[in-house]
2 protein chains.
Amino acid sequence: MSKGKSNTQQALSVLKELIVDNRLASGSNHLESELAEMLGMSRTPVREATLILEAQGLIEVKPRHGIRILSLSPKDMSEIYDILTELESLSAELAANMKYSEADFLVAENAIEKMDKALAEDDLESWAVADELFHSELVRLGNNGRIANIFTMYSDQVRRARKLTLNLRPKPTKSNDDHRNVLKAIRDGKAGEARILHRAHRIQAKKVLIELLEQYGFHNV
Amino acid sequence: MSKGKSNTQQALSVLKELIVDNRLASGSNHLESELAEMLGMSRTPVREATLILEAQGLIEVKPRHGIRILSLSPKDMSEIYDILTELESLSAELAANMKYSEADFLVAENAIEKMDKALAEDDLESWAVADELFHSELVRLGNNGRIANIFTMYSDQVRRARKLTLNLRPKPTKSNDDHRNVLKAIRDGKAGEARILHRAHRIQAKKVLIELLEQYGFHNV
DNA sequence: TCATATATTTACGTATACATTATAAAATTA
DNA sequence: TAATTTTATAATGTATACGTAAATATATGA
């Protein structure tokens with residue numbers, strides 16, 4: 001029945017999920033004891049989990065005000081997207097310079113196909129999942145573990161906002177072409193081109209997201 | 001008598017300093033109780049500090065083998081330098097696009113002067129300090145707080161290796177020209193140029209460092 | 001002697017008790 | 001009544017106790 005995970009690790013993953021899914025609302029405050037009771041454990045592992053979550057930028061621990069779930073302003077989103085843009089583009093470049101075989105691109109190919117299918121079925125939820133998979137796969141192919149960590153960290157932080165705007169934006173048909181072109185450049189070993197293509201793709205995505213957030217008045221997501 | 005800092009925060013900063021200065025040798029293992037005794041506090045705050053240090057990538061917590069101070073291989077250094085290259089170059093670009101006044105460049109100017117003086121006096125220690133100050137100032141001018149966090153994190157990790165190679169490398173005279181040119185481009189609002197110049201500067205620095213590490217057989221710093 | 005099983009030790013994970021300190025409440029005074 | 005001081009409350013920070021599980025040492029048998 002037990003899975004060997006420590007309570008701290010459990011608290012960490014459960015809390016992260018609650019935050020990312022917005023079930024612990026952004027901007028809300030929570031006491032250690034409250035979370036401990038919710039999770040059915042003592043304060044100690046909860047406290048340890050919150051310290052890690054703070055280091056990862058998801059929450060802020062304010063001594064007498066509880067744990068605050070951080071919300072993201074358009075400026076925050078802009079910061080994060082700028083970082084992801086650079087690091088993913090670098091990953092594309094690095095990936096193109098590695099000598100990969102066809103088999104290594106299977107997951108990325110698959111992700112693109114899933115996006116096609118999801119678009120055809122107007123299933124934006126699935127599209128978003130596949131889109132994140134593609135980006136994460138790109139980062140994996142770049143073979144820089146620290147970039148992968150940063151990517152995961154910020155993807156978590158940004159998921160709330162992306163979900164919020166998913167149905168407000170035009171159908172991301174161009175995205176799919178972009179992905180295909182980036183992957184082709186990587187396959188062909190054209191590092192500079194892969195980098196430039198992906199960078200343009202990301203810059204466009206940022207523009208769309210920020211404009212939507214401001215247009216719809218989401219000043220703190 | 002007390003300074004208001006919690007024991008956890010104290011443990012965090014003391015441990016970080018010990019690690020960065022290599023007084024806790026990279027690759028070495030330490031028990032919670034050992035560190036607690038060394039710091040004159042109970043295991044609890046030490047444990048909390050180690051969780052944060054682990055999240056920051058300085059150590060690895062291995063259940064029955066103690067806390068391991070992570071060492072850096074050339075591959076690790078390469079990963080970190082690649083990330084810093086991208087994010088600093090972006091910062092240069094962003095800084096050039098901000099409307100700064102002369103006063104905002106004082107610290108950066110000062111850092112450059114310090115580097116000149118240090119070079120003239122053959123004081124490489126001081127040069128390294130001023131060099132890091134310039135880069136950190138560049139990041140600050142970029143006005144992306146998350147990049148600043150990442151920069152601090154990886155600068156800490158890399159300091160050991162930089163110190164080690166400081167006296168092995170040729171005098172960094174060209175560095176100073178580079179810095180001046182980057183700052184001028186930022187001042188003139190030439191974003192693309194600032195980016196490209198700084199990128200080239202960073203790529204060169206990476207090349208020098210990695211070659212030195214491999215040449216001298218520092219496979220785990 | 002070597003392999004396997006058993007016992008012991010020890011470090012960690014967690015709960016809990018307690019000290020500390022910031023906030024809120026109450027009381028006092030102008 | 002409003003401001004200020006005092007008291008009380010409550011949440012955090014820290015130490016400690018203890019159960020658990022992993023690693024080591026010991027013992028047993030082939």
Side-chain angles (χ1 to χ4, degrees), chain A residues 1-19 23-71 149, chain B residues 1-19 23-71 149 152-153:
Chain A
M1 21 106 213
S2 125
K3 52 215 146 268
K5 260 173 81 178
S6 74
N7 284 6
T8 300
Q9 290 305 314
Q10 251 182 274
L12 186 62
S13 56
V14 172
L15 286 177
K16 187 179 281 187
E17 196 182 316
L18 289 174
I19 294 169
R23 306 207 11 229
L24 282 181
S26 71
S28 64
N29 291 77
H30 305 273
L31 300 177
E32 284 178 12
S33 44
E34 170 200 337
L35 297 176
E37 191 178 11
M38 175 194 298
L39 298 174
M41 54 185 74
S42 82
R43 275 175 53 219
T44 306
V46 170
R47 195 176 153 82
E48 295 186 345
T50 61
L51 288 171
I52 295 170
L53 288 170
E54 184 177 42
Q56 294 179 352
L58 277 173
I59 67 174
E60 185 186 13
V61 175
K62 299 245 293 180
R64 306 274 147 186
H65 297 268
I67 287 118
R68 182 180 181 75
I69 314 296
L70 288 180
S71 61
N149 290 342
Chain B
M1 15 109 215
S2 124
K3 40 197 166 278
K5 255 174 84 178
S6 76
N7 284 5
T8 299
Q9 289 305 313
Q10 253 183 273
L12 186 62
S13 56
V14 172
L15 287 177
K16 187 178 280 188
E17 196 181 317
L18 289 174
I19 294 170
R23 304 202 18 226
L24 281 180
S26 70
S28 64
N29 292 78
H30 306 273
L31 300 178
E32 285 178 11
S33 44
E34 171 200 338
L35 298 177
E37 192 177 11
M38 174 194 296
L39 298 174
M41 54 185 75
S42 80
R43 276 174 52 220
T44 306
V46 170
R47 194 177 153 82
E48 293 186 345
T50 60
L51 289 171
I52 296 169
L53 288 171
E54 184 177 41
Q56 293 179 351
L58 278 173
I59 67 175
E60 184 185 12
V61 176
K62 298 242 294 178
R64 306 271 147 187
H65 296 267
I67 287 118
R68 180 180 184 75
I69 314 297
L70 288 179
S71 61
N149 290 341
T152 302
M153 188 166 116

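Within every chain, numbering begins at 1; the chains are lettered A, B, ... in the order of the sequence lines, protein sequences first and strands thereafter.
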Check: Is it the case that more than 12 heavy atoms not belonging to A:E37 sit under 6.0 Å from its CD atom?
Finding: no
Checklist line | Nearest-angstrom distance from the residue atom CD of A:E48 to P of C:dT14 | finding: 7 Å
Margin query: Please tell me if B:H65 has a side-chain N or O lying less than 4.0 Å from either OP1 or OP2 of D:dA23.
Written below: yes
Note to self: In this structure, how many angstroms lie between the C1' atom of C:dT10 and the CG atom of B:N29, rounded?
What the structure shows: 16 Å
Margin query: Can you tell me how far apart CD1 (A:I59) and CG (A:L15) are? Round to the nearest 0.5 Å.
Written below: 7.5 Å
Margin query: Counting distance alone, no hydrogens or angles: does the base of D:dA15 have a donor or acceptor under 3.5 Å from a partner atom on the side chain of B:T44?
Written below: yes
Note to self: Rounding to an integer number of Å, can you tell me how far B:Q10 CD sits from D:dT14 C1'?
What the structure shows: 13 Å
Check: Which part of the nucleic acid, if any, lies within contact of A:H30, taking any heavy atom under 4.0 Å across all strands shown: a base, the sugar-phosphate backbone alone, or nothing?
Finding: nothing
Notebook entry, point to check: Does the D:dG13 base have a donor-acceptor partner in the side chain of A:R43 within less than 3.5 Å?
Noted result: yes
Item checked: Any A:N7 side-chain nitrogen or oxygen under 4.0 Å from OP1 or OP2 of C:dG13 -> no
Notebook entry, point to check: Among D:dT12, C:dT23, C:dG13, which is the nearest nucleotide to the side chain of A:E32?
Noted result: D:dT12
Margin query: Measure CG/A:L35 against C1'/D:dT12 and give the value in whole Å, please.
Written below: 14 Å
Next item on the list: Supply the atom-to-atom distance A:L31 CG to A:R43 CZ, rounded to the nearest 0.5 angstrom.
Entry: 10.0 Å
Notebook entry, point to check: Quick one: does B:R64 reach the base of C:dA11 with a side-chain donor-acceptor pair under 3.5 Å?
Noted result: yes
Next item on the list: Find the distance A:K62:NZ to C:dT23:C1' and express it as a whole number of Å.
Entry: 13 Å
Next item on the list: Whole angstrom is fine here: how far is it from CZ in A:R47 over to C1' in C:dT16?
Entry: 14 Å
Next item on the list: Calculate the interatomic distance between B:K5 atom NZ and D:dT14 atom P; express it in whole Å.
Entry: 12 Å
Item checked: Matching residue for B:L51 among A:L51, A:I52, A:L12 - test: side chain to side chain contact (heavy atoms under 4.5 Å, CB included) -> A:I52
Item checked: Atom pair distance, as rounded to whole Å: CD in B:Q9 and P in C:dT20 -> 19 Å
Note to self: Can you tell me if A:T8 touches the phosphate of C:dT14, counting only side-chain N or O atoms and a distance under 4.0 Å to OP1 or OP2?
What the structure shows: yes
Note to self: Nearest 0.5 Å, please: how far is CD in B:Q56 from CD1 in B:I19?
What the structure shows: 9.5 Å
